[in-house]
Amino acid sequence: MMELLEILYGIVAAILAFYYFLTLNFDFWKSRGVPGPRPIPGLGNFKDIMLHKISAGDYSTEIYNAYKNEPLIGIFARKIPILMIKDLDLIKDILIKDFTTFTDRGFTSFEKADPLSQNLFFLEPKRWRPLRMKLSPIFTANKLKEMFALMSECADHLIQYMDKLTNIDNSVECLELTTKYAMDVIGNCVFGIEMNALSDENSEFRKMGRELFNPSGKNLLRIKKLIRQIFPWFYNILFGYFLPHRNVTKFFIRTIVENINYRETNNIIRNDFINILRELKNNPDKLDGIDLTDGLLASQAIAFFVGGFETSSTTITNALYELALNQEVQDKLREEIDEVCAKLDGNLYDDIKKMNYLDMVFKETLRKYPPGTIIMRQSSSSYTFDGTKVSIPKDQKVWIPIYAIHRDPNIYPKPDVFDPERFNDEAIQSRHPMSYLPFGDGPRNCIGARFGIYQTKLGLTKILRNYKIETCEKTPIPYVNDPRAFILAPKGGLHLKMIKINRT
């Protein structure tokens, strides 16, 4: 009997010890005077996100709205405390004024286990800073103008492809269509590679793009992600030394390395992203002792490949969706496109810069549908927020809830309404500069923003000159965010009717 009691006491003690371990940190925000929802042991506040019941953007909006008058909100990702920043002045401090304290995004890159994680988005400040300086020249205004002819050629191919599609069925799945266009643009303009995503349904690059965002073997990847979060050291050893890399990782490393080597052997110089990587490889001394491995080089390429095609394609798709729902906006935009193009003799690069209403439509699309719904930063030292008594320790993660800010009715009245006039000059000047952050802000903002803007506006211009966009039976109304998507995207895709405009 005593032995049984001892066993029961042992089990109870183990359960209590485990519970204590799971909840040890749960007074973290309360002790600092920061309000927030009550966390669940083992899950924190992320149960619905982990179970794919809600997207991160929708979740952050719920929390944001639940604490309307609070500048700071404390939440937990399992046991890890995260501080959500609502106050726009504090956001400006993090992104700009006190950027040196918040240079790190708070991600871990794994050189051995996941070589492609060593890109500008994930890298720690030590390697991010010199790489950012060396890679920035590819996205200057002059470089972009040089690329524009290639970009325009891809847009023409898009219309040719749409003509074929609409001859069969004028109901088109827009996300797949625009992804192919954006992928061809990135391939031609940045990497000097014919990806053929539009013309070749079995394009290897398109397959690998799908694999990155909708991977096969999802259960295995979820296990890998869990191991990476809880036991990062074990993850790096297990998947870095004992288990093989994914095919998509091998594909991109091989492709970039072979491309660089081919140009080197044949003395081919092309003003694109690969050429900058080639120069870095030949002059590693310019990177302050950074070990320039094949994985590190390929990581920069994959960051622009993924960031370039997925964000632009979803933005084009979401713009077309809103234009289909708001025919008066579509008509006004098409009128501007036709008028400007006619006046400027078809010099589309200059045309697009003149299209003020297109710019407003573009910005309102990103207001409602920012591809990245949250900006994350991590403190490099202890920090006290200006005007508050709240202090955080070194390595504290903070969230800036872009999606929630963009849909705050106090900043954007009737936020669900698509209204491009929110971005006329007078309206912009009336708002706080941190109230609109689709590309982030400060030194670690999106390096390819200018490229993405032109790629998106060009695609929209070509489509609207040739097609009228309407809803169809398959169009999702209302729009539902996909809780499984890496960036903000519609659940189940997005079908629209494309009606050819006959210009006689």
Counterpart residues, side-chain hydrogen bond (donor to acceptor under 3.5 Å, both in side chains), relative to [X] (two or more places apart):
X: Thr315; value: none
X: Asn481; value: Asp58, Tyr403
X: Arg367; value: Glu364
X: Tyr67; value: none

Other residues, nucleotides, ligands: >12 heavy atoms within 6.0 Å of Asp425 CG: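 Atom CG in Asp425 is not crowded, with 12 or fewer foreign heavy atoms closer than 6.0 Å.
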
Does a side-chain heavy-atom distance below 4.5 Å link [X] with [Y]?
X: Tyr479; Y: Leu494; answer: yes
X: Met376; Y: Arg105; answer: no
X: Leu72; Y: Asp87; answer: no
X: Trp399; Y: Ile73; answer: no
X: Met151; Y: Phe451; answer: yes
X: Tyr321; Y: Thr317; answer: no
X: Ile40; Y: Asn45; answer: no
X: Phe102; Y: Leu95; answer: no

Met84 vs Ile374, side-chain contact (heavy atoms from CB on, under 4.5 Å): CA-CA, chis, key distance, verdict: CA-CA 10 Å; Met84 184 185 291; Ile374 293 162; over 6 Å; no

Which residues share a ring-ring contact (aromatic ring centres under 6.0 Å, His included) with Tyr262, sequence neighbours left out: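 Expected list: none.
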
All ring-ring contact (aromatic ring centres under 6.0 Å, His included) counterparts of Tyr454, not counting sequence neighbours: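 If we apply the ring-ring contact (aromatic ring centres under 6.0 Å, His included) test to Tyr454, skipping adjacent residues, the hits are Phe148, Tyr349.
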
Thr61 vs Asn65, side-chain contact (heavy atoms from CB on, under 4.5 Å): CA-CA, chis, key distance, verdict: CA-CA 6 Å; Thr61 303; Asn65 292 333; 3.4 Å; yes

Quick one: pull up [atom1] in [X] and [atom2] in [Y] and give me the separation to the nearest 0.5 Å.
X: Ile453; Y: Leu144; atom1: CD1; atom2: CG; value: 9.5 Å
X: Leu437; Y: Ile400; atom1: CG; atom2: CD1; value: 7.0 Å
X: Lys86; Y: Leu88; atom1: NZ; atom2: CG; value: 10.0 Å
X: Ile392; Y: Ser382; atom1: CD1; atom2: OG; value: 8.5 Å
X: Asn259; Y: Ile274; atom1: CG; atom2: CD1; value: 5.0 Å
X: Ile260; Y: Ile268; atom1: CD1; atom2: CD1; value: 13.0 Å

Phe122 six-ring face occupied by Arg444 cation (under 6.0 Å, within 45°):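 No cation-pi geometry.
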
Cation over ring face, Arg431 and Phe423, 6.0 Å, 45°: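 Satisfied, under 6.0 Å and within 45°.
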
Sub-6.0 Å ring centroid separation between Phe76 and Phe28: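 No, the ring centres sit 6.0 Å or more apart.
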
Does [X] reach the main-chain N or O of [Y] with its side chain, forming a donor-acceptor pair under 3.5 Å?
X: Thr365; Y: Asn318; answer: no
X: Asn424; Y: Ala427; answer: yes
X: Thr384; Y: Lys389; answer: no
X: Thr178; Y: Ser313; answer: yes
X: Thr103; Y: Phe99; answer: yes

Give the minimum heavy-atom separation between [X] and [Y], together with the two atoms involved.
X: Leu277; Y: Ala301; result: CD1-CB, 4.2 Å
X: Val34; Y: Gly74; result: CG1-N, 3.4 Å
X: Thr314; Y: Leu175; result: CG2-CD1, 3.7 Å
X: Leu297; Y: Lys281; result: CD1-CD, 3.9 Å
X: Ala182; Y: Gln455; result: CB-NE2, 2.9 Å
X: Lys368; Y: Val417; result: CD-O, 4.4 Å

Distance-only polar pair, side chains of Tyr64 and Asp408, donor-acceptor under 3.5 Å: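 Indeed, the side chains of Tyr64 and Asp408 share at least one donor-acceptor pair under 3.5 Å.
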
side-chain contact (heavy atoms from CB on, under 4.5 Å) assessment of Asp416 paired with Arg407: CA-CA 7 Å; Asp416 291 331; Arg407 289 172 178 254; 3.3 Å; yes

Steps toward salt bridge (Lys or Arg N to Asp or Glu O under 4.0 Å) verdict (Lys353, Asp350): CA-CA 5 Å; Lys353 290 193 290 185; Asp350 291 328; 3.8 Å; yes

Aromatic ring pairing His406/Tyr412, orientation class (parallel under 30°, perpendicular over 60°, tilted between):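 If you compare the ring of His406 with that of Tyr412, the planes turn out perpendicular.
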
Verdict with reasoning, Asp351 to Leu348, per side-chain contact (heavy atoms from CB on, under 4.5 Å): CA-CA 5 Å; Asp351 286 1; Leu348 205 49; 3.8 Å; yes

Basic-acidic side-chain contact under 4.0 Å: Lys457, Asp359: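 Salt bridge flag = yes for Asp359 with Lys457.
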
